[in-house]
Amino acid sequence: VSMTDPCHLCTRPLSDALTVWEQGRTGPLHTAACLRCGLVQTVPHPTEAEVSAYYESGEYRQEFRPLPVFELGEDLEAVRNEDGSPRYVDPTDERYGTMLDRAGMHTAKRLVATHGLGAGAKVMEIGCGDGRVAAAMVWHDLEVHALERDPRKAVEAEGHMENAWCGNRPATPRPTVDTVATRDGFDFVYALQVIEHFADPIAGLRDNVVRYAKVGGIVHVEVPTVERPYVSLSHFFQKPHVVNYSSDTLGEAMVLAGLTDVRVWIEGSVLVGVGVRAAEAPPAPEWPEPWSRAHQTVAYLHDWERRRLEREKGMAQAAAMHDLMSRLEAGQLTSPEEQIAAGKEWARFRDTATDAVMGLQALCHALDEPGDDWDADPYIRGFLMGGIARQQDFALVCHHIINHLIMRLNR
Ligand SMILES: [Zn+2]
């Protein structure tokens with residue numbers, strides 16, 4: 001391994017690549033932007049063997065667990081631990097699965113609507129994971145096939161897809177999940193949060209995604225983007241993400257992988273790329289001098305981080321407030337003046353935070369459509385009932401809801 005690896009996108013040696021960040025979610029990680037094309041990538045490149053070992057050893061699943069969700073009781077009150085903090089739903093719990101089902105249905109509906117997929121279309125999901133999106137695609141009377149390299153996940157996916165098909169859809173061929181591809185020629189191929197994991201991103205996109213589409217078939221990919229890092233940079237950059245695309249670099253990667261009529265856009269914090277499989281390799285993109293993308297990207301990301309830290313100061317104030325209230329409750333604030341001042345501060349903060357969340361809820365309801373698969377209420381109720389126990393919970397729930405709102409507004 002060396003810093004002279006060629007850029008994944010334009011093949012320029014990365015010896016003079018601009019350092020973007022040195023920290024990843026689970027440890028030190030050197031991320032750099034290619035001076036010519038601006039592609040943000042892990043340098044030195046992880047090898048195919050390293051990437052395979054990472055997933056096969058179970059290390060990936062260990063390091064990247066499901067997103068936390070509040071546990072709500074019968075009365076929609078947050079269930080609490082002994083120390084009073086709200087309890088999260090165990091990801092193995094059935095109720096957690098129900099939420100994931102709804103998210104899968106929402107995604108499938110979006111894919112079908114975006115591309116006008118008609119009944120009987122042959123679709124393929126690459127890297128389907130637990131198969132919830134693929135299962136929801138079955139409900140749209142599509143002929144659904146999926147590929148999942150992890151045999152345990154493939155079994156799980158098969159269960160979900162079989163349940164959706166269930167023999168009740170005689171006009172629709174039985175869905176399948178394979179760990180190794182046996183078919184191609186699909187009308188529609190999609191890969192959600194997958195292609196940034198390939199050790200060789202361009203070849204991976206061409207050989208593991210595009211090749212399954214028929215000539216003229218549509219390919220749809222979704223990836224995180226350096227244009228909207230949804231968290232701190234040290235959390236955004238992560239070992240399993242070999243590359244971090246922007247609208248420009250994703251579009252170029254798709255052309256290099258054999259797609260034409262490429263369109264790229266951002267929904268919430270997700271970068272979406274759509275293209276049509278070409279009969280012949282389209283002309284390769286060029287990056288004429290002067291090159292400025294790498295510098296622009298680094299400047300943008302550092303500014304993003306600076307603004308995020310400013311927001312974080314506000315969050316730190318909230319944490320200090322919580323600390324103050326804990327001391328009040330524990331009887332550590334003894335003078336009446338101290339107690340009254342603390343009480344006033346707390347009430348002001350609690351009202352502001354509650355107003356913010358109630359506002360989000362009202363906005364969600366205003367945008368609700370009949371038959372919508374996604375419902376903000378469980379998150380919002382979970383938060384309101386749980387109170388402001390930790391400022392991270394507040395940020396997490398708001399972030400989740402706001403992303404959904406943005407995606408909905410984009411449509
Ligand atoms: Zn490059």
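Everything quoted here is computed from the prediction, not taken from an experiment. Each ligand, and each atom within it, is numbered from 1 in the order the structure gives.
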Under 3.5 Å, is there a donor on one side chain and an acceptor on the other for Tyr190 and His115?
no
Everything protein-side that's N, O or S and under 2.8 Å from the Zn ion (ligand 1): list it, residue and atom.
Cys7 SG, Cys10 SG, Cys34 SG, Cys37 SG
Quick one: do Asp101 and Arg132 make a salt bridge, cutoff under 4.0 Å?
yes
Parallel under 30°, tilted from 30 to 60°, perpendicular over 60°: which one fits the rings of His197 and Tyr55?
tilted
Applying side chain to side chain contact (heavy atoms under 4.5 Å, CB included), run through Val264 and Tyr245 and close with a yes or a no.
CA-CA 11 Å; Val264 176; Tyr245 287 112; over 6 Å; no
Lys239 pairs by side chain to side chain contact (heavy atoms under 4.5 Å, CB included) with which of Glu50, Glu59, Arg25?
Glu59
Between His145 and Glu143, does the side-chain hydrogen bond (donor to acceptor under 3.5 Å, both in side chains) criterion hold? Intermediate values first, please.
CA-CA 7 Å; His145 300 273; Glu143 179 179 335; 3.0 Å; yes
